[in-house]
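Some notes on the structure that comes next.
Proteins get letters first, then strands, A, B, ... in listed order; numbering begins at 1 in each.
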There are 2 protein chains.
Amino acid sequence: MSSATTPARGRRRSEQTRLAILTAAYELTTEVGYPDLTIEGIAARAGAGKQTVYRWWPTKADVLLEALALKADLKVSTADQGSFEAELDAFLQDSAALMAFPGVAPVLRSLMAEAQRDADFRRRFRDGFLLKRRAALETIVERAAARGDKPDRLTGAFAADVVFGLIWYRILATERLLDEDDIAALEQLLTEHPGKE
Amino acid sequence: MSSATTPARGRRRSEQTRLAILTAAYELTTEVGYPDLTIEGIAARAGAGKQTVYRWWPTKADVLLEALALKADLKVSTADQGSFEAELDAFLQDSAALMAFPGVAPVLRSLMAEAQRDADFRRRFRDGFLLKRRAALETIVERAAARGDKPDRLTGAFAADVVFGLIWYRILATERLLDEDDIAALEQLLTEHPGKE
DNA sequence: TCCTCAATTCGAGACGTTGCGTCTCGCCAA
DNA sequence: TTGGCGAGACGCAACGTCTCGAATTGAGGA
């Protein structure tokens, strides 16, 4: 069960080929679009065999998911900024910047679309991407609660639904990215203290 | 440009076949799932020829979009209820009921996914479905503004982004439907009057 | 130390299958 | 006479699997 039981005999996986495949997938998506992205095309562009791709990734969506993590730095700011408002702002700024990174929005659209079609990928996408993003935001809300900084009746889960709901709805249903006004409106909505002040 | 210029010569379109195709598409989607839904399968189930389907709908997604309108009553409550809160509640209750209607959530998932892949369908889906839903909610916000009932700094567009963002994020990224607690939390979020009270 | 063998990945591409969207046919209704 | 109808043949494209010989790596014997 441990790695010690598998001394890794035989030829090792080529890291160079792995990177070539991920890069080819990302570039091809921006060039021809996700529907016309094929495993065959990825392999050809990367100078690899089809079997090499199929050996390591179950679907083209999984290739793209890993390529996204490679291309765009997916770490989000969850550092303690002293106040709920400051941390929420940092998180939203990071998210907006990520969305604005070239090619990211189309790739996210494609991955979410694929997650609706393929139940297995849906699980991998949720565990490997969506839930990680949620966890980051919920950490901020929990810290605010411990700090006594959190608006009443606001739960981490609901805050995540609202924030990611807005972000994803913008990506999927509109063509608009998050701008400063959106971030300001969202912060105002979530940081109000009803019944106080 | 008017219908008078087309005296409708030749055999008329069969309404019976149209309904059979829409019903077959809706049922097949719930049975085999959207990815395995094919025009050939729809035609076979409906006892129609492939060409009959292709003649009237450009893609299977368009068939399903029309089938959705047929199966689930898509009208939303925009009647004047006297207050912003009452109208928002009625709208959210209607939306939650629609989502809970058998087969609606999977169909909505499929249509949104298809809209990410096909730019032409994307436009039809937006104009024929998404924007109509938005307009209904924005009507409510505008009436509240005229009534002096609207929270400060809340715009119809932003309210629509938040509400539909939450609904769609729930459909696409989670498996949870809107429940009463969600509706209550959303209403509280949107009806607070910061700086007043 | 050196050699041989098994294990594993690699690039390349052949293969059968599937569903696509178009086209054609004869029939039928307005 | 015009155009929708059911039925299905047709060529095309991409799928995912399989096979091939070469390259790389570790294990174990000489």
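The side chain of A:Y54 has D:dC15 as its nearest neighbour among D:dC15, D:dG26, D:dA22.
To the nearest angstrom, P of D:dT24 lies 15 Å from CZ of A:R55. One interatomic measurement links the two molecules: CH2 of B:W56 to P of D:dG3, which rounds to 11 Å at whole-angstrom precision. In this structure, CZ of A:R12 is placed 14 Å from C1' of D:dA27, rounded to the nearest angstrom. Computed from coordinates, the A:E40 CD to D:dA13 P distance equals 12 Å when rounded to whole Å. Atom CD1 of B:I42 and atom P of D:dA7 are 16 Å apart (whole Å). Here the P atom of nucleotide D:dG6 and the CD1 atom of B:I39 are 14 Å apart, to the nearest Å. The distance from atom NZ of A:K50 to atom P of D:dT19 is 15 Å, rounded to the nearest whole Å. Distance A:K60 NZ to D:dG16 C1': 14 Å, rounded to the nearest Å.
Put simply, chain A comes within 4.0 Å of DNA chain C, heavy atom to any atom, from C:dA7 to C:dA14, going 5' to 3'.
The existence of a salt bridge linking A:E175 and B:R126 is confirmed by a sub-4.0 Å separation between a basic side-chain nitrogen and an acidic carboxylate oxygen. Under 4.0 Å is where a charged nitrogen must lie from a carboxylate oxygen, and between A:D161 and A:R134 at least one such pair does.
Taking hydrophobic clusters as Ile, Leu, Val, Met, Phe, Trp and Tyr residues chained together by side-chain heavy-atom distances below 4.5 Å, B:L131 does not share a cluster with B:I167.
Judged by a 6.0 Å distance limit and a 45° cone about the ring axis, A:R109 is not positioned over the six-membered ring of B:W168.
A donor-acceptor contact under 3.5 angstrom links the side chains of B:R133 and B:S95, judged on distance only. No donor-acceptor contact under 3.5 angstrom links the side chains of A:Y34 and B:Q116, judged on distance only.
A:R124 places a side-chain heavy atom less than 4.5 Å from the side chain of A:P58.
A:T38 has no side-chain polar atom (N or O) that falls below the 4.0 Å cut-off from OP1 or OP2 of D:dA13.
Nearest-nucleotide assignment on DNA chain D puts the 5′-proximal partner with B:S14, out of A:D36 and B:S14.
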